[in-house]
Amino acid sequence: MKKICILILWCLISGITHAQRANYDEAKVGQYTLPDALLTHDGNKVDNRKMWEKVRRPEIMKLLADVEYGTLPDVPVKTAWKVLEESDDAMGGKAVRRQVQFTFSNNGVNRTMLLLVYMPKGKKKCPVFVSPNFHGNQSTTEDLTVIKSQYSKYERGEQKSRWAYEKILNAGYAVATFHYFDLFYDEEKHIQEGIMPVFGINTDADFKPHTGKSISAWAWGCSRVLDYLLTLKNIDKKRCIVMGHSRLGKTALWAGAQDKRFAMVVSNNSGCCGAALSRRNFGETVPAITKNFPRWFCNTYFTYANRVNELPFDQHELLAMIAPRPLYVASAEEDRWADPRGEFLSLKEAGKVYALYGLETFADAQFPAVGEYVWHGNMGYHMRSGKHDVTDFDWEAYIRFANQKLY
Ligand code: GTR
């Protein structure tokens, strides 16, 4: 009993000091100099798209892969798809539903992932949102036919407020989701459950300094979903969007950076190591995130935890990887932990790359009022009222933005 009390007290105190340690005062953000996205390793200024695409973009991609998110071992993983369930009478007759089991295999090791897809009925070419979920496929809807994801402990419909399926389908978009645990179980000591063993990684000791961990695995999953969707006749190959919230927003950005088949990328409240600048000391910081979530980034990243200013990139360069494709970054007013202003400033800085494509940028944009949209060229931003979450307000913005930018 005494031990339990001490433990509870310790948790409370460390929680409080942790929250106290985070800075929420704009005056204390500190001075920082961002790395120049348009300056090559050799010190040459990039002033045209060709040089960006041939020289500078690959340089930054390599840095992000080697230092932050890591790369998965280069092994021949085979994927098999099996449709477990299908109906053209879903959502009150509005949608086609399909549930597909993916089996990933290599070297005698297999792992599965369950995909849930809703498509508007009767539409010949649907744009699609690919978006991993936190609590299992069944948590995204009350639909009784939806099969429970293997590692989920959550009730049916438990997180349905985050999934505006009706709105998405009514707007003519399909939506494809999977439980992120299927790829990488987001808790310590669970490496065996996700796909890492398929890549020959079975214990913590198997991670090399640059080996990707969960964000890499989740992003890989988004691309595997896309492989499948692109085989479907009624999916519009030119209008596939990757969208994610929070840690899955970081994932969506990394997936979109690596896989140019994603025509648009949406980061919802992705914050630290997602859209927000790392060099700003506001809300969550690199030392905090690497301490609390050792399984998200590759091991090399931890060596930068206490020397963030020495990182050879900042997060605006991750955003720049999406250029010139449409990119939406959304924050929430009360989600100060994710540093809304840092997300906005990052987008503004990434605009320098969008400008190479002759697109309008955020150069003169001011940090917007709550609920106001800032859309310039192929970049969009809003900060809605409320907390860290995905709401109908967010989905409506993404749909309108996609309608405008992808057509
Ligand atoms: C928080 C974490 C954030 C964010 C969030 C989430 O605890 O500090 O970086 O990603 O989790 O994914 O819900």
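Counting starts at 1 for both ligands and their atoms, following the listed order.
Closest to atom 13 (O) of ligand 1, if we only count protein heavy atoms, is Ser246 OG, 2.8 Å. When hydrogens are left out, the protein atom nearest atom 11 (O) of ligand 1 is Arg247 NH2, 3.1 Å; that is the closest non-hydrogen contact. At the shortest separation from atom 7 (O) of ligand 1 among protein heavy atoms lies Phe293 CZ, 3.4 Å.
The part of Glu284 lying near ligand 1 is the side chain, judged by heavy-atom distances below 4.0 Å. Heavy atoms of Lys250 found under 4.0 angstrom from ligand 1 belong exclusively to the side chain. By the criterion of a heavy-atom distance under 4.0 Å, the side chain of Trp296, and not its backbone, is placed next to ligand 1. For Ile289, every heavy-atom contact with ligand 1 shorter than 4.0 Å involves the side chain, none the backbone.
Taking the charged nitrogens against the carboxylate oxygens, Arg156 and Glu142 have no contact shorter than 4.0 Å, which rules out a salt bridge.
Cation-pi geometry between Arg239 and Tyr407 is met: the NZ or CZ atom falls under 6.0 Å from the ring centre, inside 45° of the normal.
No donor-acceptor pair closer than 3.5 Å links the side chain of Arg97 to the backbone N or O of Asp89.
Residue contact check: His388 has heavy atoms under 4.0 Å from atoms 5 (C), 6 (C), 13 (O) of ligand 1.
Taking the six-membered ring for Trp and the full ring otherwise, the centers of Tyr24 and Phe282 sit less than 6.0 Å from each other.
Between His382 and Phe393, the ring planes lie perpendicular to each other; the angle is over 60°, past the 30° to 60° tilted range.
Residue-environment remark: NZ (Lys125) exceeds the threshold of 12 foreign heavy atoms within 6.0 Å.
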